[in-house]
Amino acid sequence: MEKGVPMCLVTVLLFALTCSLASASDPSPLQDFCVAINSSTSAVFVNGKFCKDPKIVTADDFFFSGLQIPGNTANRLGSNVTRVNVDLLPGLNTLGISFARVDIAPYGVNPPHLHPLGTEITMVAEGTLYVGFVTSDPDNRLFTKVLNKGDVFVFPIGHIHFQFNVGKTNAVAFAGFSSHNPGLITIADAVFGSNPPINPDVLTKAFQVDKNVINYLEQQFK
Ligand code: GLV
Ligand code: MN
């Protein structure tokens with residue numbers, strides 16, 4: 001046997017060990033925050049859900065019916081998302097996966113938003129969607145694509161993304177998420193519709209626009 005082979009193996013193993021140590025970290029949070037308390041009174045399980053005793057689990061805990069029903073798009077955005085997450089399908093708890101139906105009327109939009117806890121993979125079932133996401137600072141690169149029936153696109157976890165119906169018919173897409181509850185931050189709602197509102201001086205300076213513009217936007221997203 002060649003002398004160099006075992007040495008080479010040792011080097012590879014050491015390298016692998018170093019890499020795994022270097023990338024060790026706390027797991028991703030499953031909620032916005034988790035304030036520590038000393039007693040279990042008023043405590044909730046880490047992801048907000050306890051586990052049902054397996055002895056009383058039934059098939060219905062793993063079942064949801066209704067995604068054949070179009071969401072109502074008669075709203076200011078012309079879009080509707082039905083999210084089959086752990087709240088609607090308790091059997092998803094801790095499994096790291098969930099699902100959604102997205103309906104978008106012609107010229108409607110699922111506005112710029114992000115999922116802090118999960119990657120999204122979308123497949124267009126009907127219609128045509130212009131979709132995209134933006135990378136983080138400092139590049140802020142925009143990746144876009146026009147998707148037709150059967151096309152699939154991925155929105156990486158935590159990235160701002162959108163879907164816009166550029167077709168003449170209603171669009172329907174189905175999305176999978178790498179979390180039982182990927183979370184949702186809709187940019188405009190969070191920035192201009194927070195409760196209580198962010199001081200307009202902050203937003204005027206941040207967006208470099210006239211204060212009237214900020215007042216107007218805060219009225220829209222109240
Ligand atoms: C659909 O894109 C959704 O994020 O809910
Ligand atoms: Mn999304």
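Just so it is clear, the structure is predicted and the values come from calculations on it, not from any experiment. One-based numbering, in listed order, for ligands and for the atoms of each. The first residue in the sequence is number 1, and the count goes up from there.
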Please could you name the atoms of ligand 1 that Arg83 approaches to less than 4.0 Å, counting only its heavy atoms? 3 (C), 5 (O)
By number and element, which atoms of ligand 1 are closer than 4.0 Å to a non-hydrogen atom of His113? 2 (O), 3 (C), 4 (O)
For the atoms NE2 of His113 and OE1 of Glu120, give the angle they form at the Mn ion (ligand 2), rounded to 10 degrees. 170°
Nearest heavy-atom approach of Tyr107 to Phe164 is O-CE1, 3.4 Å
Go through the side-chain N and O atoms of Asn148 and Thr128 and say whether any donor and acceptor fall under 3.5 Å apart. yes
Can a salt bridge be assigned to the pair Asp103 and Arg101 using a cut-off of 4.0 Å between side-chain N and carboxylate O? yes
For Lys55, is there an ion pair with Asp53 - N to carboxylate O distance below 4.0 angstrom? yes
Nearest non-hydrogen protein atom, atom 2 (O) of ligand 1: Glu120 OE2, 2.7 Å
Heavy atom under 4.0 Å from ligand 1: found in Leu184's side chain, backbone, both, or neither? neither
Using modelled atom types and a 3.5 Å cut-off, is there a donor and acceptor pairing between side-chain atoms of Ser179 and backbone atoms of Gly96? no
Atoms in ligand 1 flagged as close to Val102, the criterion being non-hydrogen separation under 4.0 Å: 1 (C)
Could you identify the single nearest non-hydrogen protein atom to atom 4 (O) of ligand 1 and state the distance to 0.1 Å? His115 NE2, 2.5 Å
Between Lys49 and Asp87, is there a side-chain N and carboxylate O pair less than 4.0 Å apart? yes
Quick note on ligand 1: atoms under 4.0 Å from a heavy atom of Asn110 include exactly 1 (C), 2 (O), 3 (C)
